Amino acid sequence: MLNERLQEALNEQLNAELYSAYLYLSMSAYFESISLKGCANWMRCQAQEELFHAMKFHDHINERGGRALMRPIEGPPTEWDSPLAAFEHTYEHEQKVSALINALVDLALAESDHAANAFLQWFVTEQVEEEASADEVVQKLKLVGDTNGLLMLDREMAQRVLVMPAAADGGEAE
Ligand code: FEO
């Protein structure tokens with residue numbers, strides 16, 4: 001059974017994951033608006049991945065005898081100065097999420113909640129990938145010098161597909 005403090009913290013993270021989905025959907029719409037459909041696809045996959053993360057928190061809270069609470073989701077930005085600015089924002093956002101996950105692990109350990117700690121370890125690993133994949137795009141965008149390079153990168157971004165994990169607690173979303 002979850003204690004109240006942990007239940008509240010996990011519900012905050014559920015909301016943060018839903019915000020992440022909202023943020024990346026907003027970025028996807030931004031990329032659509034400037035005709036970079038590959039980048040829009042990448043962000044759409046990212047948003048779907050965040051919904052998967054949110055559902056993991058939702059399910060863990062409920063399975064542990066707690067109550068998942070749907071609270072208001074903050075409105076994300078809708079415009080960015082450039083594709084690079086949007087992906088730098090993504091990288092910074094993922095670093096913030098990693099800090100939130102680390103704080104949750106600290107709380108689970110302080111409360112001796114080993115089930116929550118085990119659950120959260122999936123996210124510790126996932127955040128390494130989340131930061132790396134965003135940073136990879138930032139670095140590529142910095143290398144791209146002209147419109148042709150950007151369009152080539154956009155074609156590469158169009159290849160991303162969401163691979164849903166086989167089991168809710170086991171696999172990895174790409
Ligand atoms: Fe749910 Fe991108 O971390």
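Start at 1 with the first residue, then count along the sequence. Atoms within each ligand, like the ligands themselves, are counted from 1 in listed order. The shown structure was predicted, so the numbers you read here are calculated from the model rather than taken from an experiment.
At a cut-off of 2.8 Å, E94 coordinates atom 2 (Fe) of ligand 1 through an N, O or S atom. Taking backbone and side chain together, E17 holds an N, O or S atom under 2.8 Å from atom 1 (Fe) of ligand 1.
Other residues, nucleotides and ligands contribute at most 12 non-hydrogen atoms within 6.0 Å of the CZ atom of R67.
Take the N/O/S atoms of H53: the one nearest atom 1 (Fe) of ligand 1 is ND1.
Side-chain atoms of N41 do not come within 3.5 Å of backbone N or O of L36 as any donor-acceptor pair.
Taking the ring centroids of H60 and W122, they lie at or beyond the 6.0 Å cut-off.
Atom 2 (Fe) of ligand 1 is the vertex of the angle joining OE2 of E130 and OE2 of E50, which measures 100° to the nearest 10°.
Using modelled atom types and a 3.5 Å distance limit, the side chains of E92 and H89 yield no donor-acceptor pair.
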